[in-house]
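Here is the structure we will look at.
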Amino acid sequence: MSSENGTTPTNFIRNIIIKDLESGKHDRIITRFPPEPNGHLHIGHAKSICLNFGVAAEFGGRTNLRFDDTNPLKENEDFMRAIMDDVRWLGFEWDELLHASDYFHQLYDYALHLIKTGKAYVEELTAEEIRAHRGTLTEPGRESPYRDRPVEENLDLFERMKAGEFADGTLALRARIDMTSPNMNMRDPVVYRIRNASHHRTGDEWHIYPMYDWAHGISDAIEGITHSLCTLEFEDHRPLYDWFLDNIPTPCHPRQIEFARGNLDYTVMSKRRLRELVEEGLVNGWDDPRMPTLAGLRRRGFTPEAIRAFWTEMGVSKADSIIPMGVLENAVRNDLNVRAPRTMAVLDPLKVILTNYPEGETEWLEAPVHPQNEAMGTRKVALTHEIWIERGDFMEEPPRKFFRMRPGGEVRLRNAFIVQCNEVIKDEKGEVTELHCTFDPDTRSGMPGASRKVKGTIHWVSAEHGQPAEIRLCDRLFTVPNPLGEKDHDYREFLNPHSLDVIQHAIVEPQVANGEAGDFYQFERTGYFCHDNVDSKPGRPVLNRIVTLRDSWARIEKEMAQNQS
RNA sequence: UGGGACGUCGCCAAGUCGGUUAAGGCACGGGGUUUUGAUCCCCGCAUUCGCAGGUUCGAAUCCUGCCGUCCCAGCCA
């Protein structure tokens, strides 16, 4: 059941929704994606976005983007804008743009209701005292001395909290539930705290701000959300989510369903860690192409299509998982393979002189833009007396199974003809600086000898027409699969010092040098690349390697090296 | 040592109110095509569902016990 044959892979949440639709519990579904605007979205959020928007779209439902902005100390408008950009970039459009702060008045009124029915009280204990009263995982908590405060007094105090009469942390509103519950969340959770802080949307109107548990379920109910999808760590909150909605007169009672986060290896995904990497200058911002943020992946050149396909393929379950980065990379290859225009680029140039090709002459060869898709047309490739080839494509004393250029050997220049290497020129240190080759005119594309077989085909670029380019090769950010999983070590210790390798003088075909931010290509035989969306300028190209091509030769090389040692 | 959840092929993951030979993708191995050692195309890849018992004509699916992993003691979300 792959998406390729037209069916969507199923999962337990989808099954619940199908059942609710069939039973008539809901006529149409409404989901929501509820980020807190306190950081940038990452690939893990994309899973939630794909799930929420995807399942609603599949069944003709709606999806809201709702900012969970209940903590003014951590949130701001810049993050909100970045999140909206990322969601749209991923390919989704929300039905309504909403904020928990839109409901602050309703949230307050519901709190009044809770107080009036004797189910909430104003706490005077300090945060530390509350903690001490809460008990432990194995011991029940103790009730606060303020727990039985009369309703009128609670109302009075709560109104004065709202009016800003008290300092931060002095009072709090607590739900009156059960201090002996084995579920810590039910031990009289705090519902409102005092924060004499300005909120990015409501300004100085409020001095009290609702906690997540209070705001979230009520916001869901106000919006008529049918299925409130969240991650596994909120499982313990569901009894509280339900208790709140059962004890106040909301228009409906959404169902919270939890699923497992999607983790990737060799990276970190929590907002806190990503923020640290950015703030400590360990990476170059939230959109550093090595980051697992959507902004980073976008800059790196990952496509939204690939990310969506990746999460569709991975499915949704409740089992904890760590997905190999290679799986994501493969999704990108699959997408780009079909769409990326082909071009030749030499990353580590070695000069080759075609001794029997006239000096000063340029011939423009016709080459397909995509070998499997004629509709993508052709491009012109300049051929001249001097060309560049990849240094790694020549070996003076090659091992067995090396199909590329060697002294006396023949190899095909892609899109051109077969050449033979006659002479190896070296400098005083013995380093190869130049190769002299002759070409076989009968083997050029279109000629009778073109079908002659040689083992290897290598890419090349005209020395006269090729343009210089900066190329950034990104590797995994960390050197271990789970940087946070090593006891006694800070995850920063595992940062990969070689995660960014900059090649200053690669050579690309002229049309690539004039590409624009976001344009992507397959550099034949080396990988997929795209123009960096901040640093690349026409005439001064900077390209990021999105991902390499699958490389079975690299595997063979590695095996040979291992067998020798 | 309280509570909540999870454990199906190397990695994801269908299937779980019992019923023929346990989907699919990725990875991997083998073969073919190929002017990218890419792509593409074939073929192979869990007698077994964390472990041990039990119920049953029949269990990954039900019961019991055990083991392992994750989450919870913010006036964060």
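Labels below follow one simple rule: chain letters A, B, ... track the order of the sequence lines, proteins then strands, and each chain is numbered from 1. Values below: all heavy atoms of this structure, side chains included; hydrogens, waters and symmetry mates excluded.
Ring-to-base geometry places A:W553 in a stacked arrangement with B:G37 (centre distance under 5.5 Å, plane angle under 30°).
Between A:F158 and A:Y108, a ring centre-to-centre spacing shorter than 6.0 Å is recorded. Taking the six-membered ring wherever Trp is involved, the centroid distance between the rings of A:Y266 and A:F478 does not fall below 6.0 Å. Taking the six-membered ring for Trp, A:F234 and A:Y212 have ring centres closer than 6.0 Å.
Between A:E410 and the choices A:R452, A:K455, A:K453, the salt bridge (Lys or Arg N to Asp or Glu O under 4.0 Å) rule is met once, by A:R452. For the pairing with A:L240, the side-chain contact (heavy atoms from CB on, under 4.5 Å) check across A:M186, A:H216, A:Q256 returns one residue only, A:M186.
The pair A:K271-A:E36 fails the salt-bridge criterion, with no side-chain N (NZ, NE, NH1 or NH2) lying under 4.0 Å from an Asp/Glu carboxylate O. A salt bridge is absent between A:R342 and A:E524; no separation between the charged side-chain nitrogens and carboxylate oxygens falls under 4.0 Å. A salt bridge does not link A:R261 with A:D320: every distance from a Lys NZ or Arg NE/NH1/NH2 to an Asp or Glu carboxylate oxygen is 4.0 Å or more. Salt-bridge check for A:R201 with A:E75: failed, with every basic side-chain N at 4.0 Å or more from each acidic carboxylate O. Contact check on A:E123 versus A:R147 returns no salt bridge, with no Lys/Arg side-chain nitrogen under 4.0 Å from an Asp/Glu carboxylate oxygen. Residues A:E366 and A:R379 are not paired through a salt bridge, judged by the lack of any N-O separation under 4.0 Å between the basic side chain and the carboxylate.
Base engagement by A:R444 is indicated by at least one non-hydrogen atom pair under 4.0 Å involving a base atom. At a threshold of 4.0 angstrom between heavy atoms, the contacts of A:M211 are confined to the sugar-phosphate backbone, with no base atom among them. Residue contacts for A:K455: at a heavy-atom cut-off of 4.0 Å it reaches no nucleic acid atom on any strand shown. Looking at heavy-atom distances under 4.0 Å, A:F402 makes contact with a base. Contact annotation for A:Q522: base contact, defined as any heavy-atom pair under 4.0 Å involving a base atom. Within 4.0 Å of A:L137, counting heavy atoms only, lies at least one base atom of the nucleic acid. Nucleic acid contact for A:N373: none, since no nucleic acid atom lies under 4.0 Å from a heavy atom of the residue. Counting non-hydrogen atoms under 4.0 angstrom, A:Y192 reaches nothing in the nucleic acid. Using a 4.0 Å heavy-atom distance criterion, A:R134 is classed as a sugar-phosphate-only contact.
The C1' atoms of B:C45 and B:G10 are separated by 12 Å, rounded to the nearest whole Å. Distance noted for atom C1' between B:C12 and B:A27: 11 Å (whole Å). On the C1' atoms, B:A59 is 14 Å away from B:G53, given to the nearest whole Å. Between B:A14 and B:C43, the distance separating the two C1' atoms is 24 Å to the nearest Å.
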Where do N or O atoms of nucleotides 10-12 of chain B meet protein N or O atoms at under 3.5 Å, pair by pair?
residue, atom, partner, partner atom, Å
B:C11, O3', A:I322, O, 3.4
B:C12, OP1, A:I322, N, 3.1
B:C12, OP1, A:I322, O, 3.4
B:C12, O2', A:M314, O, 2.9

Between the protein and nucleotides 40-44 of chain B, which nitrogen or oxygen pairs come in under 3.5 angstrom?
none

Heteroatom pairs (N/O) under 3.5 angstrom, protein to nucleotides 66-68 of chain B:
none

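If you check B:C76, B:C75, B:U35 against the side chain of A:A450, the one that comes closest is B:U35. Picking from B:G37, B:C75, B:G2 the nucleotide with the shortest atom distance to the side chain of A:T138 gives B:G2. Checking B:C75, B:A73, B:A77 against the side-chain heavy atoms of A:M184 singles out B:A73 as nearest.
A donor-acceptor contact under 3.5 angstrom links the side-chain atoms of A:H237 to the base of B:A77. Not a single donor-acceptor contact under 3.5 angstrom links the side-chain atoms of A:R238 to the base of B:G4. Under 3.5 Å, the side chain of A:S445 and the base of B:U35 form at least one donor-acceptor pair of N or O atoms. One donor-acceptor pair, N or O on each side, does fall under 3.5 Å between the base of B:G3 and the side chain of A:D236.
A donor-acceptor contact closer than 3.5 angstrom is absent between the side chains of A:D78 and A:N76.
Ring geometry for A:H40 versus A:F79: interplanar angle over 60°, hence perpendicular rather than tilted (30 to 60°).
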